[in-house]
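First the structure, in the form of structure tokens, and then the observations on it.
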Amino acid sequence: MDRRTFLRHGLALLAAGAVSGPRFALAAGMRTAPERRFVFVILRGALDGLAAVAPIGDPAYAALRGKHDEAELRPLDDFFALHPKLEFVHGVWQARELTIVHAVATGYRDRSHFDAQQVLESGGERAFELRTGWLNRALQLDGVRAMALSTAVPLTLRGDVPVDSWAPSTLTDPDPDLLERIGRMYQEDPQLGPALVRARALHNGAGMADRETVAPQQYFLELAKAAGAFLTAPAGPRIAVMELSGWDTHTQQVARLAKQLELLDRGLAGLRDALGEAWRQTVVLVATEFGRTVRFNGSHGTDHGTATVAFVLGGAVSGGRVLTDWPGLGDSQLWQGRDLRPTIDLRAVQKGILRDHLGLTNAALDREIFPGSSRIPAVTVLSRS
Amino acid sequence: MQDSPSIAKQLMTTAEAVQRRAEMIAGSRVKTAAGLAAQAQRREAYRNVIALELQYRLERALAAADPFDEALLRFWSNHFAVSTDKALIGWLAGPYEREALRPHLAGRFESLAWAAVTHPAMLLYLDNAQSVGPRSKAAQAHPRSGLNENLARELLELHTLGVRSGYTQADVVELAKVLTGWRLFEREGRWYAGFDATAHEPGPKTILGKTYAESGAQELEAVLADLARHPAARRFICSKLARHFLADDPPQPAVDRLVAAWGDAGDLAAVNAVLRHLLEDPERIPVKLRTPEELVIAALRAVPQLRMDARAAYRAIRQMGQIVWKPPSPAGWPDTAAEWLGPDAMWKRVEWANQWSMRVHGEIDVRALAKTLFGARLSEHTEQQIHGAESQAQALALLFVSPEFQRR
């Protein structure tokens with residue numbers, strides 16, 4: 001049986017080592033140590049970068065966002081401040097194990113979640129141009145295995161190399177955002193609309209206790225702990241992908257983001273704890289599909305935007321800086337008069353991690369991992385130089 | 001109808017199932033250590049048979065070139081409901097559908113009714129297997145035995161005429177006498193289901209004013225032929241079909257057309273043709289809420305990337321409140337939205353959509369799928385929400401709970 005048939009037969013859960021395939025030449029002297037870990041955290045729904053890492057030093061900031069600010073922003077330098085719920089992340093910053101990349105975006109410039117996530121995960125220039133994930137293509141490294149912390153393998157890990165997946169067997173409740181959307185969909189349905197209202201009322205009351213579920217507030221943390229356990233197991237995977245949804249804050253952004261960022265922060269803390277010593281060989285990339293409008297909309301939220309923020313953290317990061325070519329928030333500086341203008345391509349960040357942490361060559365990065373991206377060179381995000 | 005599910009060869013016939021069930025009962029009386037071990041094995045085998053039969057039911061539903069055929073099966077299986085609420089019916093529920101119901105879905109109603117009512121699953125479920133004519137030979141041997149009216153009553157009330165349609169308690173008793181003899185019996189170590197003349201009540205029986213001469217097994221055939229022609233049965237069943245396929249409160253003209261097609265003979269082929277015509281009306285707006293099983297089947301047909309096995313499928317159906325082959329009563333599962341949309345049931349539908357949407361292997365263009373599935377009836381609200389979803393999983397969850405998908 002050749003390799004293709006093998007894969008077609010659905011044996012996708014076997015270890016990568018069981019399959020032979022093309023392997024990329026590693027940069028001279030940069031053989032990937034099996035101890036190196038990489039975690040990609042996908043924030044689905046579009047995180048508002050300006051709320052997570054506020055450019056308080058920008059002259060236009062106060063007028064645009066000041067009144068929506070949380071009271072206790074955590075200053076990073078004289079220009080940026082971190083959201084107060086990012087407590088652990090702030091500690092990582094203070095330990096100089098965090099590089100924040102701001103005004104970053106993929107190559108995608110429209111505002112569809114689906115298409116943008118396809119680009120974020122495939123590593124392409126346009127949606128559906130590539131059918132496999134950049135991280136799966138990068139997996140063709142000697143002996144490195146990856147794992148998806150989700151029931152289905154996300155696109156970024158799909159491709160020729162088989163990948164494991166894992167998720168808690170208990171089921172989560174539908175998140176409030178989904179319920180809000182269903183409510184809007186049912187608004188003119190005389191049957192389903194009232195049924196949903198009753199269901200929510202009863203569900204929020206005492207009527208439906210003792211359900212066998214992981215509370216939504218715990219789910220991401222559970223994933224993170226599991227990721228840490230897998231990544232430290234002998235001969236286990238060294239690359240993991242986790243996702244956290246709920247960032248599409250079209251309404252009530254301040255309250256919802258506070259909850260979301262807390263979930264993220266606690267998850268990242270859980271990951272660090274579960275990794276233990278292995279944290280020192282770990283790089284975590286936290287990224288989202290696009291940003292949100294600079295101005296608030298009419299329902300205390302923000303709409304789909306363009307550039308946003310990404311986080312690169314871990315014991316293998318020598319950081320403590322915000323990497324940005326800050327475009328400014330003045331009216332004339334905004335992208336299409338509404339969004340933060342993108343000045344760094346996310347692929348440059350991804351390439352920098354793959355090159356400096358996992359030892360992929362520039363040639364492989366330009367041609368195979370991010371095809372046609374040679375005009376976007378890798379940036380150094382793991383060290384301060 | 002094609003028939004090629006992967007597991008077809010592993011399934012039992014009714015005769016085999018009757019035998020296995022009898023062995024299980026006999027084995028349960030053996031209290032030795034070996035006997036107890038064998039009992040555990042039989043219980044395991046029993047559970048496996050149910051799982052296998054459900055897999056068959058699902059595979060046929062998914063493979064059906066014409067989903068209408070499978071919808072008919074589900075309707076009639078619910079009309080002539082049996083339930084594993086009663087011990088050991090699980091051996092027979094699958095063979096019952098396959099051997100008693102499927103062959104008659106486009107035949108005459110009286111043939112379908114006869115096959116259903118005389119199948120051991122029904123005889124056991126509604127206690128006819130224990131009914132003995134008071135003046136039969138079997139009653140003389142076992143003086144404490146006697147009539148059981150259960151099947152007779154449900155046959156009139158649920159299967160043919162409908163409740164309050166004019167029959168009396170006397171009619172029920174007379175029909176129960178007609179039904180005596182239809183039971184399970186042992187001959188030289190083998191078990192059989194069928195007509196046992198020794199338990200049949202001798203003499204003429206009068207039902208709805210008509211007297212049927214003593215004719216053993218043929219009596220039931222004659223009675224069913226008349227019930228199938230009875231105006232009350234015609235209207236009751238045609239209304240029920242219209243309620244199931246068209247609307248909770250079906251339009252009278254549609255019921256009238258079905259009644260006309262039913263004719264004197266209970267011509268199900270003609271009835272099916274009318275139903276299909278009504279369903280294919282381009283002006284029709286689907287208003288029927290899908291049952292949990294219909295929902296899961298529709299999801300698996302629409303999104304093959306779900307790759308759910310039958311156990312997962314029926315677990316989901318159960319979680320949404322429907323246990324296939326275990327309806328709460330001989331009346332079967334309810335057939336109106338109000339009864340399927342309790343707050344917990346609605347919540348479970350959302351939970352199901354949420355869970356399954358996260359289990360898709362591969363990329364789906366949910367926006368395009370919504371257009372393909374719903375066509376012109378895709379509403380603005382649904383389209384907006386699917387378009388605005390923050391992930392593929394969320395979009396798919398929204399598609400599954402959308403009013404368009406929840407209805408058929």
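Letters go in sequence order (proteins before strands), and every chain restarts at 1.
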Inset, instruction - Pick whichever of B/R349, B/E380, B/E383, B/R367 has the most heavy-atom pairs under 4.5 Å with chain A. - result: B/R367

Legend entry - Distance in Å, A/L43 CG paired with B/S391 OG, rounded so as to fall on 0.5 Å steps: 12.5 Å

Inset, instruction - Starting from the C-alpha separation in whole Å, work towards a yes-or-no answer on side chain to side chain contact (heavy atoms under 4.5 Å, CB included) for B/H381 and A/R184. - result: CA-CA 7 Å; B/H381 289 312; A/R184 288 197 286 277; over 6 Å; no

Legend entry - Shortest non-hydrogen contact between A/D248 and B/G388, atoms and distance: OD2-O, 3.3 Å

Legend entry - Residues B/L289, A/L192; criterion side chain to side chain contact (heavy atoms under 4.5 Å, CB included); working and verdict: CA-CA 10 Å; B/L289 189 79; A/L192 298 170; 4.0 Å; yes

Legend entry - Part of B/R307 lying under 4.5 Å from any heavy atom of chain A: neither

Inset, instruction - Measure the spacing between CZ of B/F400 and CD1 of A/I182 and express it to the nearest 0.5 Å. - result: 12.5 Å

Legend entry - Point-to-point distance, once rounded to the nearest 0.5 Å, from NE2 of A/H113 to CD of B/E390: 6.0 Å

Inset, instruction - Give, for atom CD of B/Q392 and atom CD of A/Q118, the distance between the pair rounded to the nearest 0.5 Å. - result: 10.0 Å

Legend entry - Residue part contacting chain B, namely of A/Q191, when any heavy atom lies under 4.5 Å: both

Legend entry - Heavy-atom neighbours of B/D249 CG exceed 12 at 6.0 Å: no

Inset, instruction - Answer yes or no: are there more than 12 heavy-atom neighbours, outside A/R126 itself, under 6.0 Å from its atom CZ? - result: no

Legend entry - A/D175 vs B/N354 side-chain heavy atoms within contact, under 4.5 Å: no

Inset, instruction - Under 4.5 Å heavy-atom distance to chain B, tell me which part of A/S245 shows up: side chain, backbone, both or neither. - result: both

Inset, instruction - Could you go through the side chain to side chain contact (heavy atoms under 4.5 Å, CB included) check for A/R158 and B/E363 one step at a time? - result: CA-CA 10 Å; A/R158 288 204 295 267; B/E363 269 173 55; 3.3 Å; yes

Inset, instruction - For B/R276, look at atom CZ and say whether over 12 heavy atoms of other residues, nucleotides or ligands are found less than 6.0 Å away. - result: yes

Inset, instruction - Give the member of B/I386, B/L398, B/T382 that has the highest number of heavy-atom pairs under 4.5 Å with chain A. - result: B/L398

Legend entry - Residue pair A/D177 / B/Q394, side-chain donor-acceptor N/O under 3.5 Å: yes

Legend entry - Residue B/A393 versus chain A: region with a heavy atom under 4.5 Å: neither

Inset, instruction - Taking all heavy atoms of B/P403 and all of A/M185, pick out the closest pair and write down the distance. - result: CD-CG, 4.0 Å

Inset, instruction - Check whether any side-chain heavy atom of A/Y186 sits under 4.5 Å from a side-chain heavy atom of B/Q385, and report yes or no. - result: no

Legend entry - Interface moiety of A/L155 toward chain B, non-hydrogen atoms closer than 4.5 Å: side chain

